[in-house]
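Input: a single structure, listed below in structure tokens.
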Amino acid sequence: MDDDPEEGMLGWDESVFRDEHVLEIDYVPEVFQHRESQLQTLQYALRPAVRGNRPLNVMVRGPPGTGKTTAVQKLFGELGGQHGVRTVRVNCQVDSTRYAVFSRIFEEIFDYEPPSSGISFKKLFGQVAERIADDDEVLVVALDDVNYLFYEDEASDTLYSLLRAHETHSGAKVGVIVVSSDLDLDVIENLDGRVQSVFRPEEAYFASYDRGEITDILRDRVEVGFREDAVPTTVLDRVAELTDEAGDLRVGIDLLRRAGLHAESRASTTVELEDVEAVSEKAKNIHLSRSLRALSETERTLVETVADCDGEQAGDVYDAFNDRTDLGYTRYTEIVNKLDKLGLIDAEYEQLDGRGRSRTLRLTHDPEAVKERL
Ligand SMILES: Nc1ncnc2c1ncn2[C@@H]1O[C@H](COP(=O)(O)OP(=O)(O)OP(=O)(O)O)[C@@H](O)[C@H]1O
């Protein structure tokens, strides 16, 4: 029929997907390949907790999309079933002060929010510490995206309170996992001496996946997420290639989902290369959003400034940045280098006629797409 609204689409009951949910961003995968040594480090550090003792602290680092949060979720899933262990994951982008972190821990422990009428930190802390000491529980706190606590200058105080809880409440045993994708942030060096002496974490480094690893991981997703034979190897390989270029596994997972939806929209029961190409720009933006989200206020201001002065020389961009922030040239150069390393800008030296060399700053993404996400 000419005017059939479903013409050109798969029917509502047909799909390329077997379980689309596994391609959603908050899905915790059943199979977690290529992170064995990192999981071992975490297990080694947390093992004492299962025996009722204070665990070792851990610092989890590595570029975006390398499985850091997933590793913590998997481990907490296992530990949460153990008697006498309490695990709490705090997203520090949402809870970026010591008070907010402890409110979140309070809520997890008591199953209700602390009174919003503003109880003092001392009281909030006291109730949390008393409860775990009384229940003889070991508390393991993961501070995910811990860089936000540093931006707010709350990291030392937060860690200090967590790691020294036993001094005011004997029997309160707490271990901390800090998670950060900010590779420039030297977590330890930025802490007060009084915290450094008690923190001393084990390190678990999550390196970027190589092309083969990306393909393995995406193949697992395809197997559970798509109907048999819906995604040919050529398509999987192309998705892996684009994911490798973007350097973030999220891009690959999003690309698979979008390509599947695109195939359905043209009434195909198999995903083809044309579906991948049609959605690849959109999928890359998921990495852009994630990268921008992890930046501090000042770093974002510089991204915005570069968006406004795209292709201009570093000195001119600095003048515009300085107008907005009042920051000096040294700090400016540090941020330029960081954004360059993160792949958000290209800072390339160019020869100026007879005037030596200067860096030219360009965004690596479309300035409008960047501004929309700031
Ligand atoms: N080894 C793996 N196997 C299966 N899926 C994975 C693996 N590593 C990462 N993923 C998937 O990739 C996505 C990003 O992973 P995750 O959030 O754990 O990364 P991250 O290192 O914490 O990133 P960020 O630093 O940006 O927060 C998630 O959807 C996750 O399911």
Side-chain angles (χ1 to χ4, degrees), residues 19-43 58-78 89-96 142-151 177-185 187 203-226 236 239-240 242-258 260 283-296 299 338 341-344 373:
D19 182 0
E20 195 179 336
H21 174 55
V22 309
L23 301 166
E24 279 173 327
I25 224 61
D26 54 354
Y27 172 77
V28 181
E30 294 281 324
V31 184
F32 189 49
Q33 289 193 71
H34 301 303
R35 294 283 83 140
E36 288 77 12
S37 72
Q38 291 82 351
L39 279 177
Q40 255 172 25
T41 303
L42 282 162
Q43 276 159 350
V58 192
M59 182 161 66
V60 169
R61 293 217 276 181
T66 51
K68 300 183 295 297
T69 300
T70 310
V72 170
Q73 283 171 320
K74 288 228 144 246
L75 221 75
F76 276 13
E78 288 170 25
R89 191 171 76 85
V90 182
N91 177 350
C92 299
Q93 191 187 8
V94 179
D95 297 310
S96 58
L143 299 172
D144 207 345
D145 280 338
V146 72
N147 33 318
Y148 285 92
L149 291 183
F150 283 91
Y151 300 156
I177 303 174
V178 295
V179 183
S180 174
S181 60
D182 190 337
L183 303 174
D184 278 356
L185 189 76
V187 179
E203 188 156 0
Y205 187 74
F206 286 60
S208 298
Y209 296 114
D210 63 28
R211 177 83 71 86
E213 291 170 335
I214 292 171
T215 311
D216 286 345
I217 295 167
L218 293 179
R219 190 184 298 112
D220 282 338
R221 283 301 161 107
V222 166
E223 272 168 20
V224 275
F226 285 87
L236 176 63
V239 172
L242 289 166
T243 308
D244 195 15
E245 275 169 20
D248 186 335
L249 202 60
R250 282 189 190 89
V251 171
I253 296 169
D254 195 51
L255 201 48
L256 285 173
R257 175 161 191 237
R258 286 179 189 276
K284 278 187 203 157
N285 286 337
I286 197 168
H287 177 59
L288 174 62
S289 302
R290 178 66 189 100
S291 306
L292 292 174
R293 200 154 60 76
L295 300 179
S296 69
E299 290 160 352
K338 174 173 174 176
K341 207 159 114 195
L342 285 173
L344 284 167
R373 288 170 177 78

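Both ligands and their constituent atoms are indexed starting at 1 by order of listing. Each residue takes its place number in the sequence, starting with 1. Everything quoted here is computed from the prediction, not taken from an experiment.
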Inset, instruction - For T66, counting its heavy atoms only, list the atoms of ligand 1 lying under 4.0 Å from any of them. - result: 19 (O), 20 (P), 21 (O)
Legend entry - Selected option - heavy-atom contact closest to atom 22 (O) of ligand 1, from N147, T69, I214: T69
Inset, instruction - Decide yes or no for R35 and Y209: does some side-chain heavy atom of the first lie under 4.5 Å from some side-chain heavy atom of the second? - result: yes
Legend entry - Side-chain heavy atoms of V179 within contact of D144, under 4.5 Å: yes
Legend entry - Heavy atom of the protein closest to atom 23 (O) of ligand 1 (residue, atom name, distance): G65 N, 2.9 Å
Legend entry - Atoms of ligand 1, numbered as shown, that sit under 4.0 Å from any heavy atom of Y209: 1 (N), 2 (C), 7 (C), 8 (N), 9 (C)
Legend entry - Approximate separation, where rounding is to 0.5 Å, of R250 CZ and T66 OG1: 8.5 Å
Inset, instruction - Could you tell me whether ligand 1 has any atom less than 4.0 Å away from a heavy atom of G62? - result: no
Inset, instruction - Using distance alone, determine whether R250 and ligand 1 share an N or O pair under 3.5 Å. - result: yes
Legend entry - Atom indices of ligand 1, in the order listed, that fall short of 4.0 Å to a heavy atom of I253: 11 (C), 12 (O), 29 (O)
Inset, instruction - Please could you name the atoms of ligand 1 that Y27 approaches to less than 4.0 Å, counting only its heavy atoms? - result: 31 (O)
Legend entry - atom 31 (O) of ligand 1 [closest protein heavy-atom partner, distance rounded to 0.1 Å]: R221 NH2, 2.8 Å
Legend entry - 4.0 Å heavy-atom contact, F32 with ligand 1: yes
Legend entry - Atom indices of ligand 1 within 4.0 angstrom of S181 heavy atoms, with elements: 25 (O)
Legend entry - atom 19 (O) of ligand 1 [closest protein heavy-atom partner, distance rounded to 0.1 Å]: G67 N, 3.2 Å
Legend entry - From CZ (F150) to CG (D145), nearest 0.5 Å: 12.5 Å
Inset, instruction - Please indicate whether any nitrogen or oxygen in P64 is less than 3.5 Å from any nitrogen or oxygen in ligand 1. - result: no
Legend entry - Pairing of R257 and D254 as salt bridge, 4.0 angstrom limit: no
Inset, instruction - Check for a donor-acceptor pair, side chain of E213 on one end and backbone N or O of D210 on the other, with a separation under 3.5 Å. - result: yes
Inset, instruction - Would you give the length of the straight line joining atom OG1 of T69 to atom CG of N91, rounded to the nearest 0.5 angstrom? - result: 8.5 Å
Inset, instruction - Using a strict cut-off of 4.0 Å, indicate which atoms of ligand 1 neighbour a heavy atom of V31. - result: 3 (N), 4 (C)
Inset, instruction - Answer yes or no: is there a donor N or O on one side and an acceptor on the other, between the side chain of K68 and the main chain of G62, under 3.5 Å? - result: yes
Legend entry - Residue R290 vicinity, atoms of ligand 1 by number, heavy atom under 4.0 Å: 24 (P), 25 (O), 26 (O), 27 (O)
Legend entry - Per atom 10 (N) of ligand 1, closest listed option by heavy atom (I25, I286, I217, L249): L249
Legend entry - Top protein contact for atom 18 (O) of ligand 1, by heavy-atom distance: T70 OG1, 2.5 Å
Legend entry - Check: L75 and I177 side chains under 4.5 Å, non-hydrogen atoms: no
Inset, instruction - Give the residue, atom name and distance (to 0.1 Å) of the protein heavy atom nearest atom 1 (N) of ligand 1. - result: Q33 O, 2.8 Å
Legend entry - Between OG1 on residue T243 and CD on residue E245, distance to nearest 0.5 Å: 9.0 Å
Legend entry - L255 vs L218 side-chain heavy atoms within contact, under 4.5 Å: no
Legend entry - Identity and distance of the protein heavy atom lying nearest atom 25 (O) of ligand 1: K68 NZ, 2.7 Å
Legend entry - More than 12 heavy atoms from other groups under 6.0 Å of CD on E30: no
